[in-house]
Amino acid sequence: VTYNTLINAYCREGLFEEAFQLMNAMSSKGLKPGVLTYNSLINGLCKKGRSDRAKEFVNEMLRMGLSPDTTTYNALLVDKCRKDKSLEAEEILNEMSSRGISPDLVTFSSLISVFARNGQLDRALTYFRDMKNAGLVPDNVAYTALINGYCRNGLMLEALKMRDKMLEQGCIMDVVSYNIILDGLCRMKMLADGDKLFNEMVERRVFPDFYTFTILIHGHCKAGNMDKALSLFDIMTQKSIKPDIVTYNTLIDGFCKVGEMQKANEL
RNA sequence: ACCCUUGGUGUGGA
């Protein structure tokens, strides 16, 4: 467990040389790297954009007589989903099923997410159904990924219906769920509803983060409400939520579009 | 049993 933790830490940082050394140290002590160790390594490689290397380690696992599990394949599949390579993600799903490895909530959420983002809501819905047919109980992440699909298509009524369903099933609205719906409302210029939802969020002690504020600031910038956008920016800093580069870009872009180059410069 | 690995959100004419 100690080795795994260290190897995982190195992999997260992209320090693969150190991780490899540890793996060698392990085997010289007669400890065999297990599935967990490989999973950490494979995950780290994927996150650093080295999915080619990751794939090689999956093969190495097989050679060593280890069985890659759902987490192993999820690491590869999630990587494809993040890069919007939905077809390749589906290939991995097929490979999983041909090896008899069952997809889990992570697998399905990732697939739902990629199709929802890309405007292929029908496909996202299909996977949502498949997930339930597989006997899995959708959690708030799975629901939220799907809700994002409705939001991206401007189907806010459907999105809100799905949120209600999610709550009925006992799932919680967390900060990401709120952010996604807020973003949907803002995109549809339903800023008043956005503000209402934002208040609800605060009342329910779901703490807004810098995504939340950037989404709202963006909405108000697009609507030309630069005063409102600035006041949100102030609230944000008062709450010591650090605006990041995206927040600044959003505001600067907003001021430029309104022709207030001075204010853009002041930021 | 628990622990270690995997999933959902924001800006920029792309």
Side-chain angles (χ1 to χ4, degrees), chain A residues 1-12 19 33-47 54 57 68-82 89 92 96 101 103-117 124 127-128 131 136 138-149 151-152 159 162 166 171-187 194 206 208-222 229 232 236 241 243-257 264:
Chain A
V1 178
T2 316
Y3 276 109
N4 283 338
T5 309
L6 283 170
I7 288 173
N8 185 35
Y10 282 132
C11 291
R12 271 190 199 292
V35 175
L36 217 59
T37 314
Y38 276 101
N39 285 351
S40 296
L41 189 59
I42 288 164
N43 180 40
L45 287 166
C46 285
K47 291 254 152 70
F57 277 102
D69 62 6
T70 303
T71 303
T72 317
Y73 281 102
N74 279 348
L76 301 174
L77 183 142
V78 164
D79 180 57
K80 299 300 182 194
C81 291
R82 285 226 169 93
I92 294 174
M96 285 172 82
I101 295 166
D104 65 1
L105 279 180
V106 175
T107 321
F108 282 114
S109 306
S110 307
L111 289 164
I112 292 167
S113 165
V114 69
F115 286 112
R117 273 200 312 270
Y127 279 113
F128 193 77
M131 177 175 62
L136 296 166
D139 62 2
N140 65 332
V141 176
Y143 274 109
T144 302
L146 186 61
I147 289 172
N148 192 33
C151 289
R152 303 304 275 223
M162 194 51 71
M166 168 172 110
C171 296
I172 290 174
M173 286 282 286
D174 65 8
V175 60
V176 178
S177 326
Y178 275 109
N179 287 348
I180 283 172
I181 297 176
L182 282 172
D183 187 51
L185 292 171
C186 287
R187 283 177 199 277
V206 178
D209 59 8
F210 57 85
Y211 284 92
T212 318
F213 280 102
T214 307
I215 287 163
L216 291 173
I217 289 170
H218 179 227
H220 285 290
C221 282
K222 281 270 182 273
L232 282 163
M236 179 177 188
I241 298 167
D244 69 354
I245 179 82
V246 177
T247 317
Y248 282 108
N249 284 344
T250 305
L251 266 175
I252 289 168
D253 182 60
F255 278 122
C256 290
K257 296 246 162 75

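Note that these values count all heavy atoms, side chains included, but never hydrogens, waters or copies made by symmetry. Just so we're on the same page: letters track the sequence lines, and every chain starts at 1. Keep in mind it's a predicted model, so treat the numbers as computed, not measured.
Among the heavy atoms of the strands lying under 4.0 Å from Ser40(A) are primed sugar atoms or P, OP1, OP2 only; no base atom is included. Base engagement by Ala142(A) is indicated by at least one non-hydrogen atom pair under 4.0 Å involving a base atom. Contacts of Thr70(A) with the nucleic acid, taken as non-hydrogen atoms under 4.0 Å apart, are absent. Counting non-hydrogen atoms under 4.0 angstrom, Thr37(A) reaches nothing in the nucleic acid. If you check every strand for non-hydrogen atoms under 4.0 Å, Leu105(A) touches a base.
The interatomic distance linking Asp183(A) (CG) with G8(B) (P) rounds to 16 Å, in whole Å. A straight line from CG of Leu216(A) to C1' of U11(B) spans 14 Å, rounded to a whole angstrom. A straight line from CG of Asn140(A) to P of G8(B) spans 12 Å, rounded to a whole angstrom. For Leu6(A) and C3(B), the CG to C1' distance is 15 Å, given to the nearest whole Å. The nearest whole Å value for the distance from the CG atom in Leu182(A) to the P atom in U11(B) is 13 Å. Between the OH atom of Tyr38(A) and the C1' atom of U6(B) there is a distance of 18 Å, given to the nearest Å. Leu136(A) places its CG atom 17 Å from the P atom of G7(B), with the value rounded to the nearest Å. Here the P atom of nucleotide G8(B) and the CD1 atom of Ile172(A) are 19 Å apart, to the nearest Å.
Looking at the side chain of Val78(A), the nearest of the listed nucleotides U9(B), G7(B), G12(B) is G7(B). Residue Asn39(A) has its side chain nearest to U5(B) when only U5(B), G7(B), U9(B) are considered. The side chain of Lys257(A) has G13(B) as its nearest neighbour among G8(B), G13(B), U11(B). The Arg117(A) side chain lies nearest to G8(B) when the options are G8(B), U11(B), U5(B). The listed nucleotides are U11(B), G7(B), U5(B); the one nearest the side chain of Val246(A) is U11(B). Among U6(B), U9(B), G10(B), the nucleotide with an atom closest to any side-chain atom of Asn74(A) is U6(B). Nearest nucleotide to the side chain of Asp139(A), out of G7(B), U9(B), U11(B): G7(B).
Scanning for salt bridge (Lys or Arg N to Asp or Glu O under 4.0 Å) contacts around Arg82(A) gives an empty result, with sequence neighbours left out. In terms of the side-chain hydrogen bond (donor to acceptor under 3.5 Å, both in side chains) criterion, Arg152(A) has no residue partners (sequence neighbours excluded).
Phe115(A) and Tyr127(A) have parallel rings, their planes meeting at less than 30° on a 0 to 90° scale where 60° marks the start of perpendicular.
Looking only at side-chain heavy atoms (C-beta outward), Thr71(A) and Val35(A) stay at 4.5 Å or farther from each other. Looking only at side-chain heavy atoms (C-beta outward), His218(A) and Cys186(A) stay at 4.5 Å or farther from each other.
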*Could you go through the side-chain contact (heavy atoms from CB on, under 4.5 Å) check for Leu77(A) and Leu111(A) one step at a time?*
CA-CA 8 Å; Leu77(A) 183 142; Leu111(A) 289 164; 4.3 Å; yes
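In this model, the phosphate group of G12(B) is approached by a side-chain N or O of Lys222(A) to a distance below 4.0 Å at OP1 or OP2. Arg152(A) has no side-chain polar atom (N or O) that falls below the 4.0 Å cut-off from OP1 or OP2 of G8(B). For G7(B), one of the phosphate oxygens OP1 or OP2 lies less than 4.0 angstrom from a side-chain nitrogen or oxygen of Lys47(A). For U6(B), the OP1/OP2 oxygens have a side-chain nitrogen or oxygen of Asn43(A) closer than 4.0 Å. The side chain of Arg82(A) contributes no N or O atom lying less than 4.0 Å from OP1 or OP2 of U9(B).
The base of G10(B) lies outside donor-acceptor range of the side chain of Thr212(A), with no N or O pair under 3.5 Å. In terms of polar N and O atoms assigned as donor or acceptor, the side chain of Asp104(A) never comes within less than 3.5 Å of the base of G7(B) in a complementary pairing. If you check distances only, the side chain of Ser109(A) does reach the base of G7(B) with a donor-acceptor pair under 3.5 Å. Between the side chain of Thr144(A) and the base of G8(B) there is at least one donor-acceptor pair of N/O atoms closer than 3.5 Å. Under 3.5 Å, the side chain of Asp244(A) and the base of G10(B) form at least one donor-acceptor pair of N or O atoms.
For the C1' atom pair drawn from U5(B) and U9(B), the interatomic distance equals 23 Å after rounding to whole Å.
Panel note: side chain Ser110(A), backbone Val106(A); a donor-acceptor pair is recorded below 3.5 Å.
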